[in-house]
Student: 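This is the structure I have questions about; it appears just below.
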Amino acid sequence: MIEIELDGKKIDVVEGSTIIHAADKAGTYIPHFCYHKKLSIAASCRMCLVDVEKMPKPMPACATTVAPGMVIRTRSDKAVNAQKSVMEFLLINHPLDCPICDQGGECQLQDLAVGYGGSASRYQEEKRVVAVKDVGPLISMQEMSRCIQCTRCVRFGQEIAGVMELGMTHRGEHAEIETFVGQSVDSELSGNMIDICPVGALTSKPFRYSARTWELARRKSVSPHDSTGANLIVQVKNNKVMRVVPLENEAVNECWIADRDRFSYEALNGDERLTSPMLKQGGKWIAVDWQTALAYVAKGLKQISKDHGAASIGALVSPHSTLEELFLASSLMSGLGSPNVDYRLRNAEFPGVEGIRHLGRSVASLSELQRVLVVGSNLRKDHPLFAQRIRQATRAGCALNVIGSAAQDWAMPVAHTLLAADTNWGQALADVAAAVAAEKGVAAPAAGVASETVKAIARSLLGGERKAVLLGNAAAHHAKASSLLALANWIGEQTGASVGYLTEAANTVGAQLAGALPGANGKNAAQMLGGALKAVLLLNSEPEFDSAAATADGLQQAEMVVTLSPFKANMDISDVLLPIAPFTETSGTFVNAEGRVQSFHAVVKPLGETRPAWKVLRVLANLLEVPGFDFESSQDVLLKICGLPADGKNQLSGEILSNATQSPIDLSPAAKSPVVAGIYSLDGLLRRSASLQSTADAKRNNAAQEVTA
């Protein structure tokens with residue numbers, strides 16, 4: 001620590017800090033545009049000029065390192081006059097369109113111009129105009145004349161997203177930010193450029209001109225998509241979700257969110273929303289009231305249970321459902337005497353329950369890894385925010401090793417890549433284990449052949465201190481998933497690496513905690529999808545898209561299929577549609593990959609006759625005379641679920657979470673390739689977001705599915 005003087009006060013700061021960091025610690029605000037705490041220093045805007053004693057001219061606070069005894073004045077005439085001069089230059093070419101600017105009310109330039117701008121401009125010449133650019137369906141660059149060349153968006157692409165999609169061309173007054181030869185911006189994190197733009201140059205295309213910032217109510221929520229559990233601010237106007245932006249949480253998503261977290265809200269008010277219960281009669285769908293629909297379902301389930309036994313009833317539940325919904329669905333099946341409930345819709349292997357599969361370490365610690373082996377994951381697309389953290393680690397020297405079936409653009413340095421057919425990943429991991437065993441002089445867990453790449457991966461994992469073996473979605477859904485986990489655990493034990501699953505969905509860990517798994521002699525998801533049931537409840541699931549089965553034909557054999565969904569889904573196989581609330585219209589809880597329990601409240605009222613799923617399941621259980629369903633709120637349900645933390649830290653204990661397995665290692669090739677959802681086809685909300693479905697990623701994924709079909 002060193003001592004400096006800031007605006008007449010002595011403060012201690014960490015050696016090597018910049019003036020802007022020191023001021024922030026002292027609670028002193030220094031105006032700035034190009035500086036961002038998560039990006040490298042550019043010192044291009046010069047708005048943060050301050051007066052440093054013994055310096056002949058004002059110095060940029062973001063790029064000037066403190067020294068012992070340094071005397072800094074941020075409010076002296078010298079500093080303020082310098083800042084006002086910079087503001088005058090920034091406004092020379094800025095268009096006078098604040099009244100119609102989409103950024104109005106939350107514009108950093110607008111705010112600082114009030115304090116540092118002049119009352120009139122001395123500039124009389126014509127202002128420059130920058131040509132309109134179309135960079136895709138998510139980001140609007142219609143008003144790039146407002147750009148002040150702070151280069152935040154450029155640095156974000158290089159340093160956070162890992163893809164330099166924007167850059168500055170030309171020089172002087174002709175300089176402008178653009179893509180390379182008219183290309184689009186396709187990064188899975190691109191929407192964050194909108195947030196960090198300090199002016200109205202980059203704006204949200206879907207949100208554009210739909211509301212003013214001061215008209216919006218802001219409410220906290222949690223992302224329902226991947227397993228990061230990103231914290232969100234949902235902005236609402238007239239009981240309608242208008243925009244979603246990140247809520248900063250350093251332990252989870254920092255200040256970023258993925259594009260699917262940001263833009264999936266479009267589906268909430270789309271044409272496919274189901275707003276009233278519906279019954280299929282004579283092949284036609286008719287809208288009915290809730291009492292009629294639930295009575296019909298209860299009567300049908302009772303009759304089927306009487307005719308075929310309770311074991312002929314089952315539930316296929318989505319891991320994107322809340323913890324409370326999953327628990328009640330499982331409890332309902334149990335109360336009816338059925339052991340048939342499963343969330344593992346895309347899995348090809350269904351081992352007995354041995355523990356709650358999870359990340360094996362904290363989300364934040366991914367940024368500090370020194371060695372990592374990723375198996376069976378398209379990390380950038382499956383888990384954009386996890387990829388961003390591992391990208392930070394590689395920038396600090398982490399060696400990333402990969403086992404996959406095809407070469408991918410990881411948008412970060414990859415030390416070693418071992419390509420193998422996905423059906424043979426077990427042998428590939430066994431080869432790595434054998435190389436580790438040879439390096440350490442111990443017995444290998446299975447026979448393996450060590451190529452040069454395999455040896456390099458083994459040596460990499462044996463080096464460093466903070467290490468992890470991470471199994472991706474394809475590894476979790478693999479037909480030999482247990483063998484992959486057993487081999488990963490052996491490698492982790494020998495190298496000192498943590499072992500964990502990246503986990504697919506927002507509540508994959510929560511589904512295990514809620515007991516959404518088959519009981520004794522219960523049927524798994526594949527068996528239920530194959531036509532083993534007479535009555536099926538589909539909670540937030542669309543088997544045609546969410547399961548490993550190519551079609552949902554197996555459910556056609558059932559006498560009754562009940563779909564609980566916010567959308568008009570499964571209409572070809574269902575007999576009843578019950579409209580349940582999406583995450584914005586209900587309270588609930590998600591448990592992310594690390595075991596962090598995060599509850600949220602509804603941000604808008606349910607649309608039409610939509611009802612929260614936990615209430616629907618409670619009433620249905622009451623009609624079926626199942627005991628123990630007297631909950632008054634989702635919080636009551638949460639308190640009922642065993643194993644939740646009582647220490648207020650919202651973190652499941654290591655005693656609950658476990659990646660251990662007793663399964664034997666089987667190196668024979670898998671019968672089929674694992675099924676993994678595309679980045680924008682993971683769940684019903686994403687599949688119905690028009691903007692996300694217009695992206696390059698969605699088009700590639702849809703084209704690939706058509707070829708496969």
Side-chain angles (χ1 to χ4, degrees), residues 133-141 157 160-166 179-193 204-206 223 225-228 257-264 266-267 270 320 346 374 376-388 390-391 402-412 414 417 419 421-422 472-477 502 504-505 542 544-548 550-551 672-709:
K133 301 171 179 66
D134 184 0
V135 294
L138 306 180
I139 297 177
S140 172
M141 295 180 74
I160 307 300
V163 184
M164 186 177 176
E165 295 179 297
L166 294 177
T179 59
F180 180 74
V181 195
Q183 291 184 350
S184 56
V185 173
D186 299 320
S187 165
E188 58 282 352
L189 298 172
S190 64
N192 293 290
M193 295 180 185
S204 168
K205 256 189 185 176
S223 170
H225 305 304
D226 65 37
S227 59
T228 308
I257 54 174
D259 287 351
R260 59 184 173 197
D261 304 326
R262 185 183 301 272
F263 296 108
S264 65
E266 285 186 297
H320 299 278
R346 294 190 178 97
V374 178
S377 176
N378 186 357
L379 190 63
R380 276 183 64 191
K381 308 304 179 183
D382 294 345
H383 300 89
L385 293 172
F386 289 171
Q388 185 274 132
I390 293 177
R391 188 173 297 116
V402 174
I403 295 179
S405 58
Q408 298 169 343
D409 180 8
W410 285 68
M412 67 182 89
V414 178
T417 301
L419 295 181
D422 48 30
N473 293 352
H477 302 163
L502 293 165
E504 179 186 40
E542 299 175 68
E544 183 180 357
F545 305 106
D546 295 335
S547 71
T551 67
K672 58 182 180 179
S673 297
V675 175
V676 179
I679 182 172
Y680 298 133
S681 58
L682 184 62
D683 57 65
L685 277 171
L686 296 172
R687 291 191 289 267
R688 292 170 174 85
S689 170
S691 295
L692 292 177
Q693 292 306 312
S694 298
T695 60
D697 276 323
K699 290 177 180 177
R700 278 194 296 269
N701 183 66
N702 294 337
Q705 288 181 333
E706 290 176 6
V707 170
T708 303

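Predicted model, so just to flag it, every value in this text is computed and none were measured. Atoms considered below: every heavy atom in the structure, side chains included; atoms not considered: hydrogens, waters and symmetry mates.
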Student: If you define the side chain from C-beta out and look only at heavy atoms, does anything of Asn473 sit under 4.5 Å from Glu504?
Tutor: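 The answer is yes, as the side chains (C-beta and beyond) meet within the 4.5 Å cut-off.
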Student: Quick check: closest heavy atoms across Pro137 and Ser691, and the distance to 0.1 Å?
Tutor: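 Nearest heavy atoms, Pro137 then Ser691: CG-O, 3.6 Å.
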Student: So, do Thr179 and Leu166 sit near enough that their side-chain heavy atoms are less than 4.5 Å apart?
Tutor: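 SC-SC contact between Thr179 and Leu166 confirmed.
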Student: Take Arg391 and Ile160, measure what side-chain contact (heavy atoms from CB on, under 4.5 Å) needs, and give me the verdict at the end.
Tutor: CA-CA 7 Å; Arg391 188 173 297 116; Ile160 307 300; 5.6 Å; no
Student: Determine the minimum heavy-atom distance between Ala407 and Leu419, stating which atoms define it.
Tutor: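 Minimum heavy-atom separation between Ala407 and Leu419: N-CD2, 3.9 Å.
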Student: Can you name the one residue among Leu502, Ile390, Ile679, Asn378 that meets side chain to side chain contact (heavy atoms under 4.5 Å, CB included) with His383?
Tutor: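 Going through Leu502, Ile390, Ile679, Asn378 one by one, the side chain to side chain contact (heavy atoms under 4.5 Å, CB included) with His383 is satisfied by Leu502 alone.
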Student: If we ignore hydrogens and angles and just use 3.5 Å, is the side chain of Ser689 paired with the main-chain N or O of Phe263 as donor and acceptor?
Tutor: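 Yes; judged by distance alone, with no hydrogens or angles, the pair exists.
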Student: Should Asp226 and Phe386 be marked as a side-chain contact (heavy atoms from CB on, under 4.5 Å) after you check the CA-CA gap, both sets of side-chain angles, and the distance that decides it?
Tutor: CA-CA 10 Å; Asp226 65 37; Phe386 289 171; over 6 Å; no
Student: Rounded to the nearest 0.5 Å, how far does CD of Gln388 lie from CE of Met412?
Tutor: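 Going from CE on Met412 over to CD on Gln388, the span is 9.0 Å.
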Student: Can I get a per-line list of side-chain donor-acceptor pairs under 3.5 Å for residues 186-193, giving both atom names and the distance, sequence neighbours left out?
Tutor:
| unit_1 | atom_1 | unit_2 | atom_2 | d |
| --- | --- | --- | --- | --- |
| Asp186 | OD1 | Ser184 | OG | 2.9 |
| Asp186 | OD2 | Ser184 | OG | 3.0 |
| Ser187 | OG | Leu189 | N | 3.1 |
| Glu188 | OE1 | Arg380 | NH2 | 3.0 |
| Glu188 | OE1 | Lys381 | NZ | 2.8 |
| Glu188 | OE2 | Arg380 | NE | 3.0 |
| Ser190 | OG | Ser187 | O | 3.3 |
| Ser190 | OG | Asp259 | OD2 | 2.7 |
| Asn192 | OD1 | Ile257 | N | 3.1 |
| Asn192 | OD1 | Arg262 | NH2 | 3.1 |
| Asn192 | ND2 | Leu189 | O | 2.9 |
| Asn192 | ND2 | Ile257 | O | 2.8 |

Student: Testing the basics here: between Ala161 and Ala411, what is the closest heavy-atom pair and its distance to 0.1 Å?
Tutor: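 That closest heavy-atom pairing would be O-CB, 3.9 Å.
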Student: Apply side-chain contact (heavy atoms from CB on, under 4.5 Å) to the pair Trp410 and Leu379, showing each step before the final yes or no.
Tutor: CA-CA 7 Å; Trp410 285 68; Leu379 190 63; 3.5 Å; yes
Student: Go through the steps to decide whether Thr417 and Gln408 satisfy the test side-chain contact (heavy atoms from CB on, under 4.5 Å), and finish with yes or no.
Tutor: CA-CA 10 Å; Thr417 301; Gln408 298 169 343; over 6 Å; no
Student: Counting only N and O atoms by type, is there a donor-acceptor contact under 3.5 Å from the side chain of Ser681 to the main-chain atoms of Ala677?
Tutor: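 Judged by distance alone, no pair lies under 3.5 Å.
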Student: Quick one about His225 and Asp683 (side-chain donor to acceptor, distance below 3.5 Å, no hydrogens or angles considered), yes or no?
Tutor: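 Yes, a side-chain donor-acceptor pair sits under 3.5 Å.
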Student: Test your reading of the model: is there a side-chain donor-acceptor pair from Thr695 to the backbone of Leu692, 3.5 Å cut-off?
Tutor: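 It does hold such a pair.
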Student: Roughly how far, to the nearest 0.5 Å, is the CG atom of Leu138 from the OG atom of Ser204?
Tutor: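 So the OG of Ser204 and the CG of Leu138 are separated by 8.0 Å.
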Student: If every non-hydrogen atom of Gln693 is compared with every non-hydrogen atom of Asn702, which pair is closest and at what distance?
Tutor: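 So the two residues come closest at OE1-ND2, 3.5 Å.
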Student: Might you work through the salt bridge (Lys or Arg N to Asp or Glu O under 4.0 Å) test for Glu544 and Arg687, ending with a clear yes or no?
Tutor: CA-CA 12 Å; Glu544 183 180 357; Arg687 291 191 289 267; over 6 Å; no
Student: Taking atom OG of Ser405 and atom CG of Asp422, what is their separation to the nearest 0.5 Å?
Tutor: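 Nearest 0.5 Å value for the OG-CG distance: 4.5 Å.
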Student: Taking all non-hydrogen atoms of both residues into account, name the closest pair between Glu266 and Ala690 and its distance.
Tutor: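 Closest approach of Glu266 to Ala690, heavy atoms only: OE1-N, 3.7 Å.
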Student: Locate the shortest heavy-atom distance separating Asp697 from Arg700; write the atom from each residue and the value.
Tutor: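 Answer, listing the atom of Asp697 first, then Arg700: OD1-NH2, 2.7 Å.
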Student: Distance check, rounded to the nearest 0.5 Å: His320 atom NE2 versus Ser223 atom OG?
Tutor: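 So the gap between those two atoms works out to 9.5 Å.
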